[in-house]
Amino acid sequence: MTLTEIALRLAAQGWPVFPCGQNKRPAISRADGGRGFHDAVTDPDAVRALFARAPHARLVGVPTGEASG
C-alpha cells in the first residue's frame, strides 16, 4: 500500500491529512508553498494532489486539536 493510499483511507474516515518527511515535519516546505498542518485535507482529489507534490514524503500527518477532533 502506498503512502497516498494510506492517506486516502484516513481521509475517508474524516481525518485531515498532509505529507510529512521522516523527521515528522511537513514535507512541503514554505519555500515551495507549503503551509504545514494547514495544508491538511480530506477531499480525495486534494489528498492525491497534495501527496503528488511531496513524492519524498514518508509519513502521513494528521493535525491534532480542533481540526481532528
Side-chain angles (χ1 to χ4, degrees):
M1 183 175 297
T2 68
L3 194 64
T4 301
E5 291 170 335
I6 294 167
L8 286 166
R9 285 186 176 202
L10 291 169
Q13 295 176 34
W15 296 85
V17 296
F18 63 100
C20 287
Q22 190 66 36
N23 60 4
K24 300 181 184 177
R25 294 180 186 229
I28 302 172
S29 70
R30 287 185 186 187
D32 290 331
R35 300 178 310 126
F37 70 90
H38 294 289
D39 284 337
V41 293
T42 57
D43 176 75
D45 290 333
V47 171
R48 286 184 195 91
L50 190 61
F51 279 76
R53 288 182 57 200
H56 57 285
R58 296 293 173 255
L59 301 168
V60 177
V62 176
T64 58
E66 188 176 324
S68 61

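All values below come from the heavy atoms of this structure, side chains included, with hydrogens, waters and symmetry mates left out. We're numbering straight along the sequence, starting at 1.
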Measure across Thr42 and Ala11 and return the closest heavy-atom pair with its distance rounded to 0.1 Å. O-CB, 3.4 Å

Given the rule that I, L, V, M, F, W and Y join up when any side-chain heavy atoms are under 4.5 Å apart, are Met1 and Leu59 in one cluster? no

Taking side chain as C-beta onward, heavy atoms only, is Ile28 less than 4.5 Å from Phe18? no

Backbone of Ala27 reached by a side-chain donor or acceptor of His56 within 3.5 Å: yes

May I ask you to test the Phe51-Leu8 pair for a side-chain heavy-atom distance under 4.5 Å? no

Joint cluster assignment, Phe37 & Leu10, ILVMFWY side-chain distance < 4.5 Å: yes

Taking all atoms of both residues into account, what is the closest heavy-atom pair of Pro63 and Pro16, and its distance? CD-O, 3.3 Å

Let me confirm one number: the CZ-CG distance from Arg58 to Leu3, rounded to the nearest 0.5 Å. 8.0 Å

Is there a donor-acceptor pair under 3.5 Å between the side chain of Asn23 and the backbone N or O of Arg25? yes

